[in-house]
Amino acid sequence: MTVTLADVAARARVSPATVSRVLNGNYPVASSTRERVLRAVDELDYVLNGPASSLAAATSDLVGILVNDIADPFFGIMAGAAQSEIGGPGDGSGRAGGEKLAVVCNTGGSPERELTYLTLLQRQRAAAVVLTGGALEDPAHQAAMAVKLARLADAGTRIVFCGRPPLPDTDAVAAALAFDNRGGARRLTEHLIALGHRRIGYVAGPLERTTTRHRLEGHREAMKAAGLYGDEESVTVHGPYDRSSGYDATLELLRREPGVTAVVAANDTVALGACAAVRDRGLRIPEDVSVAGFDDLPFSVDAVPALTTVRLPLFEAGARAGRLAMGKETPPPGGVATIGAELMVRGSTAAPAR
């Protein structure tokens, strides 16, 4: 026999409306009453009918977290931190009362899949959606995203960007937490210039991504300010954000410009590939070629030598995005907050020997 909401109310000696308030977490309930309701839920093994309740309510208990690649620590750290806030710490009893179910959606960097996931989350009346990482700079995709996010917001879904700049011409996003990629990249290149490097190669990410453009702009701003900006395209190679791309691009850089004394990589994973390429050319790090990354992923300090990089507070940003998605934190003024980046100087960079 199926246990109903009325059965739980009778066991807890409260009204069905009170049971609903406790389970939805959308209305203050006395702690003693809440405890009685949750005990009755446990004793009766009551399971809330999610789809049915979402029809009655504006939204469901589902929160979607969109990532490009869950295997990439950059996204995994943010998604895990957001999920910890969305799911809640719990009380050790295994009960659910006001928490949400966070579902990680892996887009693989596909714009079509990103839109598909948003459609599926709209059908499920998701309570919130967190979109992580850089955005695709394609006008058609941006327009489609604006329409899709507006529909979600109109249905009551709270939308949060984490590590992604605001989307132009839309007010559907409740909050956007954007990393200072441009400023971090500028400080990293300024560090290399201060060490004495004058010919610096750059292994950039995919051309169409906001993160790629902002980091490359910061690098070039530093080069221009030092009077070193010349044929930058000859010492810039674009590719995916992965190790093999870093390896191949760095070999290409060293082929084009044998005089390069430093290589800046799009992120720490790309930097690992760059280090391997430098070594395979018979060169030493940092004595012959300095190498620097970006993000300060957990493995960067364990590289040999430890990787100079730019630290982004990925866990802190993800947790804040989770709180914003749950309505636990007030959105920043204007809905946008820029999160600072910190230069981490380690053993992979030094003054050039040649």
Side-chain angles (χ1 to χ4, degrees), residues 22-26 28-29 31 34-35 38 41-42 47-48 50 54 59-107 114 117-118 120-121 124-134 152 156-164 173-179 211 267-269 295-301 311-332 335-342:
V22 170
L23 296 178
N24 290 326
N26 59 3
V29 177
S31 58
R34 181 177 184 275
E35 179 62 25
L38 293 177
V41 168
D42 285 349
V47 178
L48 179 67
S54 69
T59 59
S60 70
D61 284 337
L62 184 70
V63 176
I65 304 174
L66 272 65
V67 301
N68 280 359
D69 181 6
I70 194 59
D72 184 337
F74 177 88
F75 294 101
I77 291 169
M78 285 192 291
Q83 192 166 20
S84 67
E85 293 288 340
I86 293 164
D91 58 6
S93 67
R95 298 165 173 168
E99 299 86 358
K100 303 292 184 185
L101 175 64
V103 176
V104 178
C105 306
N106 197 74
T107 69
E114 184 173 57
Y117 276 129
L118 292 177
L120 294 172
L121 289 166
Q124 293 296 319
R125 299 173 180 259
V129 175
V130 179
L131 295 97
T132 65
L152 280 161
T157 300
R158 189 178 288 111
I159 299 162
V160 178
F161 285 179
C162 183
R164 177 179 294 215
V173 180
L177 308 178
F179 293 129
T211 301
N267 66 13
D268 293 341
T269 304
D295 295 336
D296 195 26
L297 298 178
F299 60 76
S300 63
V301 73
R311 181 182 185 273
L312 295 180
L314 300 174
F315 186 89
E316 295 86 346
R320 187 178 180 187
R323 292 193 297 272
L324 287 163
M326 291 291 286
K328 298 177 182 177
E329 182 175 320
T330 303
V336 180
T338 300
I339 299 175
E342 180 183 2

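Position 1 is the first residue of the sequence; numbering continues from there.
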| Non-neighbouring partners of I70 that pass side chain to side chain contact (heavy atoms under 4.5 Å, CB included), sequence neighbours left out | V67, A79, V104, N106
| task | Heavy atoms only: give me the nearest A176-R164 pair and the separation to one decimal. | result | CB-O, 4.1 Å
| said: Show the nearest heavy-atom pair for residues V129 and A126, with the distance to one decimal. | reply: CG2-CB, 4.5 Å
| If we only count heavy atoms from C-beta on, is the R320 to P313 side-chain gap below 4.5 Å? | no
| task | Go through the structure and list residues passing salt bridge (Lys or Arg N to Asp or Glu O under 4.0 Å) with D268, not counting sequence neighbours. | result | none
| Rounded to the nearest 0.5 Å, how far does CD1 of I159 lie from CG of L131? | 7.5 Å
| request: Output the distance between atom CG (L152) and atom CZ (R125), rounded to the nearest 0.5 Å. | output: 12.0 Å
| remark: Tightest non-hydrogen contact, residues S300 and D296, listed as OG-OD1, 2.8 Å
| Is there a side-chain contact between V41 and L23, using heavy atoms and a 4.5 Å cut-off? | yes
| task | Compare all side-chain heavy atoms of F299 with those of T269 and state whether any distance is below 4.5 angstrom. | result | yes
| query | Can you tell me if D295 uses its side chain to pair, donor with acceptor, with the backbone of L297 under 3.5 Å? | reply | no
| Minimum heavy-atom separation for G87 to E99, with atom names? | O-CG, 2.7 Å
| So, does T132 use its side chain to make a donor-acceptor pair with the main chain of C162 at under 3.5 Å? | no
| Is the shortest heavy-atom distance from the side chain of L121 to the side chain of L66 under 4.5 Å? | yes
| task | State whether the side chain of T107 and the backbone N or O of E114 hold a donor-acceptor pair below 3.5 Å, judged by distance alone. | result | no
| query | Taking the side chain as C-beta and beyond, is there a heavy-atom pair between I65 and I86 under 4.5 Å? | reply | yes
| note | salt bridge (Lys or Arg N to Asp or Glu O under 4.0 Å) filter on R323, not counting sequence neighbours, yields E85, E329
| field | For S60 against Q124, the heavy-atom pair lying closest together | value | OG-O, 2.9 Å
| Roughly how far, to the nearest 0.5 Å, is the CZ atom of F315 from the CD1 atom of I77? | 9.5 Å
| request: Find out whether L314 and F179 are in side-chain contact, i.e. whether some heavy atom of one side chain is under 4.5 Å from a heavy atom of the other. | output: yes
| task | Work out which heavy atom in A317 is nearest to a heavy atom in L177; give both atom names and the distance. | result | O-CD1, 3.7 Å
| request: Find the distance between NZ (K100) and CG (L62) and round it off to the nearest 0.5 Å. | output: 9.5 Å
| request: Kindly indicate whether the side chain of F74, heavy atoms from C-beta on, has any atom under 4.5 Å from the side chain of N68. | output: no
